[in-house]
Amino acid sequence: MTCRDLIRRTAEQFSAAGVPDPVNDAALLLSHLTGLSPLSLRLDEDTVLDYRVVDAYQVLVGQRISRIPLQYILGEAPFYGRLFRVDSRVLIPRPETELLCEWALEVLRNDPLPRILDLCCGSGCIGITLKAEKPDAFVTCSDLSPDALALAAENAEQLGVDVAFCQTDLLDGFATSGFNLIISNPPYIPSADCNTLQEEVLREPRLALDGGPDGLSVYRRIIPDAFRSLVSGGVLMMELGEGEDADVEKLLLDHSFTSVEIREDLSGIRRMILARKP
Ligand code: GLN
């Protein structure tokens, strides 16, 4: 069977299993094993694959049919131009979080030697990206999950980026303060919705998703504590769940933050918020 036929047949199996992007995933899994580009594999009508490659491919195909996320099978996900290792210990980095990083870098542009805290760091994608893009920053990444922190530390090492790690429950008992920027993509999905997510998302750690009864529990804890841990003029930036912007804005204003700004993601959802400590 040629590459093209194999991909076509696999894409049909994926469609039948409800995999959202069947042709793309079929080609990417084969690309992962062969090192050839997904597009050239889709067009290839000549190469007859070694049976060992086909066998290895069938194992990955079986995993994808059982709706394990593509990125967990590949063991990596791209984020802001770098590849991060990912597995079931951490949330898979999303494109909307890249926009949050882009915005943070804009905010920090004229800020020399900023002290940054990435709360709920997961894979470390935010904190590691900020340090890589702004090497004069001092970055600390913190998470409640020791498993997530272990993977984030692997990512920092693999990408050659020097950040500090700290296992904490948000800012509880956090000794350091004086941050110029606290940034977070916290869990923000209402608990009741956590059971009805897309099958792939159900494979991601519940701890990284579940934002309590109304989705806002973690914002309620972060906001007052972040206010204490920021320098005056310091900035808090957070990703938001859909429809949560007005509630989070009110929480920020109730806790003496000012200069609130909100930005949309690429689907036009009000996805991230910034506020300043006066
Ligand atoms: N900061 C990580 C990310 O943006 C993890 C977020 C989380 O675990 N809630 O992907």
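Note that ligands are numbered from 1 as they come in the structure, with each ligand's atoms numbered from 1 the same way.
Of the options Thr97, Asp245, Asp265, a side-chain hydrogen bond (donor to acceptor under 3.5 Å, both in side chains) to Arg271 is made by Asp265 and by none of the others. Paired with Tyr80 under the rule side chain to side chain contact (heavy atoms under 4.5 Å, CB included), one option of Leu105, Leu99, Ile126 passes, and it is Leu105. When each of Val163, Leu130, Ile182 is checked for a side chain to side chain contact (heavy atoms under 4.5 Å, CB included) with Ile116, only Leu130 meets the rule.
Among the atoms of Asn185, some N or O lies under 3.5 angstrom from an N or O of ligand 1. The shortest N or O to N or O distance between Leu91 and ligand 1 is not under 3.5 Å.
Of all the atoms in ligand 1, the ones that sit under 4.0 Å from a non-hydrogen atom of Cys120 are 1 (N), 2 (C), 5 (C), 6 (C), 7 (C).
The side-chain tip of Arg115 points at the ring of Phe179 from less than 6.0 angstrom away and within 45° of straight on.
The pair Lys250-Asp247 fails the salt-bridge criterion, with no side-chain N (NZ, NE, NH1 or NH2) lying under 4.0 Å from an Asp/Glu carboxylate O.
Atom 8 (O) of ligand 1 has as its closest protein heavy atom Ala208 CB, 3.2 Å. The protein heavy-atom contact nearest to atom 10 (O) of ligand 1 is Cys125 SG, 3.5 Å.
For the ligand labelled ligand 1, residue Cys121 lies inside the 4.0 Å heavy-atom shell.
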